[in-house]
Each structure stands twice: as C-alpha cells, then as structure tokens.
Amino acid sequence: MSAFQDSAVGLAPYVGIAFLTLVLVTAGAKSLAFYKSDVGSLPEPDDSEWIWGHERTVFMNDPGRALRAWVSKLGLTFKIKAAFGAPDVLVLCDPTGIAHILQKKIYDYHHSRIVRPRVARLLGRGLGWVEGEDEHKRMRRLVSTPFTSSNLKQMSADVEQAASVVVNNLTNHVSERDGSCPVNLLDWTGKAVLNVVGRVIFNHDFEGGESVDAQKILDGRRKGVSPIVQYAGFLTLMLLRRFPILNDLPIGAIQAQSITKNVVQTGVAKQMVKRQQQLLEAKGNKAESADLLGRLIDAEAAGQISTEELYEQISTFVVSGHETTTQSLAFTMWELARNPAAQEKLREEVSQFSGIPSYDDFRTRLPYLDAVLRETLRLYPGLPYMERLAMKDDVIPLGTPVVTRDGRTLNEISVRKGQTVMIPIISIHRLDEVWRQADKFIPERWIDADGLPPSEALCAGWSNTLAFSDGPRNCIGSRLAIYQFKVILAQIITKFSFQDTGAKISLKVASSLQPWVVTEPEEGPQMPVLIKLLD
Ligand code: HEM
C-alpha cells in the first residue's frame, strides 16, 4: 500500500463525516427555508406598547378604526404585536389571501385560541365550534335543510305571523304612550327575531318574546355582553391569548358569556325537546321533520348524534339565530332615523304592496330594502373580526404584493403552523381606499350604476362583503337572517316613523358588534330611537 493510499484510507472517515454534515446542513437549510415564515418581516405599525403590543390600540379605538389607519399606511397585509409578548398577529385585508383561507384552506385554519373557547361559551359545542373537515361536514349536512330557500318560502306565513305578533305588541306599547315614545330598539328587535327563529327552526312559541324563557334568553345576552366590553374584560381577553388556561377559571367577565347558552341548555331546550317528542309520538313517530329541532331529535333517536350534541346544537342555533340579526335590525332603524330621506324612500317602496310582500317579492321586487340591508351589513357587520389559527405551514397568495421591512416584494407570504391570522371584517368594509364616503350610510351605492368599487377590490362573500363570511364555513343562517330582516323591517316601516334622539352611540365588540350609549355605559347595549305611530 502506497503512502497516498495510506493517507487516503486514513482520511476516509473524515470525508464521510464531512459529506454527511454537508447533506444534513443542506437538508436543514432547505427545511429551514421551507418552514421560514415571512410574517416576521412584514411591515408593522410604529406605536407598539410594551405590555399591550398593538392590541390595546385596536380595542380602545372604535371597532376597526386603528386597523384601517394602519392599512392606509402599510397596505393590505401587515402584522401587529400581540399583548403580553404573544406571537405577532398577521392582519390580512387582501381579498385574494382571504379567499385562499376561507374558500380553499378553511379546514387548515381553525378558530383561534381566543375565539374557539368563546364560541363554546357563547353558543355551545355545535356547528360554529366544531373543527376538522369530516366532523364539520357531518354537522353541516345534519342541520342544513331548514335553511334552504324552498323551506323558507314554505315557512313564509309563519315568519310573517311571528314577526307581526311583536310588531302588534310594539303598536300597543306606543299607542299607550300617546302614539310616540323613545324605545331601546334592541328590546324590540330582540323579541321579534327570537320569535321568528323559535317558530321557524324550533317549532316553538316564544310568545312574542314575552315568555319567561324568552325574557331569560334576552336578558342573558345583555348580562353576557356587559362585562366583556369593560376594560377588565379587555384585559382578560388579552391574557387569554397568552394563557389559554384562563378559559377554564371562574373569571366573571369570561364565564358571563355562557349565561344565555346555559339558560337555553338547562331550561327551554329541555321543554322544546320534550314537547316535540310528545308531538312525534302522537303521530306514531312517522312524521318527517323539516324543522331543525325535529331533525336533531330524529338524529338522536337514530343514534347518529349524542344527547349532549343535541343540546349543544340547540343552544348554538337559538343564540346565533337571534343575536346578530337583532343588532342588524336595530342599526338599520337607527340609521334610518338619522337619514329621513332614506327612511321615506324605503317606506314608499314597501307601501306599494298591499299587505306583506311575498317571499319572492322580498327577493326581487324591493331593491331599496335590499340596498338598505346590504349597506347596514357593510357598516355594521355582526361579527366585526375573524381570527384563525394556521394548523399547517402554508403559503398565502396575495392580490396586492407587500413590501417587507427589508425591501423584498412578496406576491405570497409563507406562514408557519401556529400563526394567528386576523381578518378585520369591519375595517375591510370601510376602507377609505376602496369605499367612497366609507363611514356614511348610503344605500344608493348598491343600486347606482357606478356606486360600487371595482369587484377586484372587494372580497368574494355574499354581496362582495364578509358579513356572512365566505366558503364552506360561511353563515348557514344567512338566508333566514336576510328574509326575517326584510319581513320585520317592512312591517315596522309601514307602521312607524323613527327619529334620532341625539344620544351619542359608540360601537363595542363583545364577539358581536354592540351599540352603547356613551353617557350610559352601565345600561349595557342600547339603541334608543324616538318612535312614532304613523297615521
Ligand atoms: C345578520 C345576521 C347574521 C350575521 C351577520 C351572521 C354572520 C356570521 C358569520 C360572519 C359567520 C362566520 C363565523 C366564523 O367563521 O367565525 C357565521 C357563522 C354561522 N352562523 Fe351566522 N350570522 C347571522 C345570522 C345567523 C342566523 C339567523 C343563524 C341561525 C339561525 C346563524 C347561524 C350561524 C352558524 C351556525 C354559523 C357557523 C357555520 C359553520 O361554521 O359552518 N347565523 N355567521
């Protein structure tokens, strides 16, 4: 063996180690590059606070306001610092990126660690809470039939009747006060919506919102909302992002959110189920149920769902069914009180019909009513923020490129598993760069030929808004919400006129968007309007 051969043999282990190291380093670098997140290098607002990051600024301003201002400075995609040193939050207002998450990858983006326990507290562990494609699709199939157009059309007489009970009660209330008085609209819209939801999806009579159960449910909403919008509630919310264990502790502001759900699950749901079972037995258990309650009871009897799921779904639909529509109707009437010309125009349109318009009339022959609804849901989306958590590494495509802090232009951004993504619906609906006179109530923009921004600047959901979200997890109750909104408003606008009381209203977020009278925060959510019986 030559000296060279000797040395080569001697070097062999070192070459092997060097080669292996190279392979590992290359693989490591590749995987690092693969898993690298772009979020760290995204633009960020200047004024981060040590403890609060940017979250206090978001909370203390009007809903969506701070994020809108940051969009103007930083563009449609940026990050904010979370409170208590939690990882940065990706803020996404880019329609292409949003469609990617909501339409294509929704099952890879779960409700965030703040949102999911909150949904469980507010609604129950039903359709709005479930995660995972198979389970979600199973639940969605189970509950979808009552929300179809054809079912709603069939139920139209019930919707009209359930709404008119409350409108008649309101008529009596105002007549007894010389035909004119201030009312908190939320009290009345709450009763009307709950009465319709009870009738249509649970075959249950809430007695015009006056029954003991109805009162407990409506009262629970008020009590559940109040603590969380106070500063202590905010503090708790921020702590939740960092310390999710707090979800399970008996903290007032957090556990108050469960009041309505508990009232439903332990009280009215039990009676509903019992009565429906008796009805079914009387029919020899042969009747096919079209309403949601009947379908759920059938599924439980057939062993397809557990008794626990039966009650979780009932509370989910009682609460989600009345909460947001209640606020939407109140916001509309308040805007109509402040815009008398729009109020008169709407009244004229509805008054052309003798009696209550039919289901099809509401869909196609009342364009101004439709525009009023769209404009309300643009300005006051029931759920102002959406927050999702990436369950996998992902690459989010962007319609508008973002320039990173180190000067790179990105047409897509990579995010890592565990990334929180905020979609600020209310900010997106009011971007000054997109919407003309963004904060103004202008229903005409939905009718005039050049009233709307170009479609590429808008999102892909219902009416190019995110009011009902988008994709496979969009709002399952949207058709019912729209229909009952129109029926209730049409009945009210032809009987009453509304006037602004001058009370200063501020908007608060307690999961859903809530109106508060600035000088009376202790009263909880309120929407006062002076209401007058028409001759
Ligand atoms: C104006 C009224 C309403 C608005 C603005 C609204 C808005 C929304 C939004 C934005 C979502 C998506 C939430 C998320 O992914 O985090 C949603 C989901 C949902 N909504 Fe609505 N909603 C309304 C009325 C209703 C009604 C009347 C019902 C039932 C009777 C209902 C039941 C639900 C349910 C069960 C989900 C969860 C759907 C799923 O995850 O598959 N909503 N809603």
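Whatever order the structure lists ligands and atoms in, that order sets their numbers, starting from 1. No experiment lies behind these values; they were computed from the predicted model shown.
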- Query: Do R445 and W435 come within less than 4.5 Å of each other through their side chains, counting heavy atoms only?
  - Reply: yes
- atom 27 (C) of ligand 1: which protein heavy atom is closest, and how many Å away? G321 O, 3.5 Å
- Passes side chain to side chain donor-acceptor pair (under 3.5 Å), Q514 versus E323? Steps please. CA-CA 10 Å; Q514 308 283 343; E323 166 88 17; 3.1 Å; yes
- Item | Short N-O contact, E375 and K440, less than 4.0 angstrom | no
- Is there a heavy atom in V197 that sits closer than 4.0 Å to ligand 1? no
- The protein heavy atom nearest to atom 32 (C) of ligand 1 is S320 OG, 3.2 Å
- Message: Is the shortest side-chain heavy-atom distance between L218 and F206 below 4.5 Å?
- Response: no
- Task: Identify whether the distance between the nearest side-chain nitrogen and carboxylate oxygen of K486 and D370 falls below 4.0 Å.
- Result: yes
- Message: Under 4.0 Å from a heavy atom of G128: which atoms of ligand 1 are those, numbered in the order shown and with their elements?
- Response: 37 (C)
- Task: Mind running salt bridge (charged side-chain N to carboxylate O under 4.0 Å, His left out) on R138 and D134 for me, showing each step along the way?
- Result: CA-CA 6 Å; R138 175 189 70 73; D134 292 347; over 6 Å; no
- Task: Answer yes or no: are there more than 12 heavy-atom neighbours, outside K216 itself, under 6.0 Å from its atom NZ?
- Result: no
- Which atoms of ligand 1 are found less than 4.0 Å from any heavy atom of I476? 34 (C), 35 (C)
- Item | From the candidates H136, H111, R473, R116, the one that places a heavy atom nearest atom 41 (O) of ligand 1 | H136
- Message: Closer than 4.0 Å to some heavy atom of L383 - which atoms of ligand 1 meet that?
- Response: 8 (C), 9 (C), 10 (C), 11 (C), 13 (C)
- Query: With a 4.0 Å cut-off on heavy atoms, does N474 reach ligand 1?
  - Reply: yes
- Task: Taking the side chain as every heavy atom from C-beta outward, state whether L76 and L431 have any atom pair closer than 4.5 Å.
- Result: yes
- Message: Show me which atoms of ligand 1 lie under 4.0 Å from any heavy atom of R140.
- Response: 38 (C), 39 (C), 41 (O)
- Item | Numbering as shown, the atoms of ligand 1 that approach F317 to under 4.0 Å (heavy-atom distance) | 29 (C), 35 (C)
- Query: Is it true that F147 lies under 4.0 Å from ligand 1, counting heavy atoms only?
  - Reply: yes
- Message: I'd like to know if the side chain of Q484 and the backbone of V159 have a donor-acceptor N/O pair within less than 3.5 Å.
- Response: no
- Note on the structure: NE2 (H322) and CD1 (I217) are apart, to the nearest 0.5 Å, by 7.0 Å
- Query: Any idea which of A467, C475, S328 brings a heavy atom closest to atom 10 (C) of ligand 1?
  - Reply: A467
- Item | Nearest-neighbour protein heavy atom for atom 6 (C) of ligand 1, which is reported as residue plus atom name and distance | F468 CD2, 3.7 Å
- Item | Closest approach of any protein heavy atom to atom 24 (C) of ligand 1, naming residue and atom | T324 OG1, 3.5 Å
- Task: With atom 15 (O) of ligand 1 as the reference point, say which of K137, M386, R388, H322 has the nearest heavy atom.
- Result: R388
- Provide, to 0.1 Å, the distance between atom 12 (C) of ligand 1 and the closest protein heavy atom, together with that atom's residue and name. S469 CB, 3.6 Å
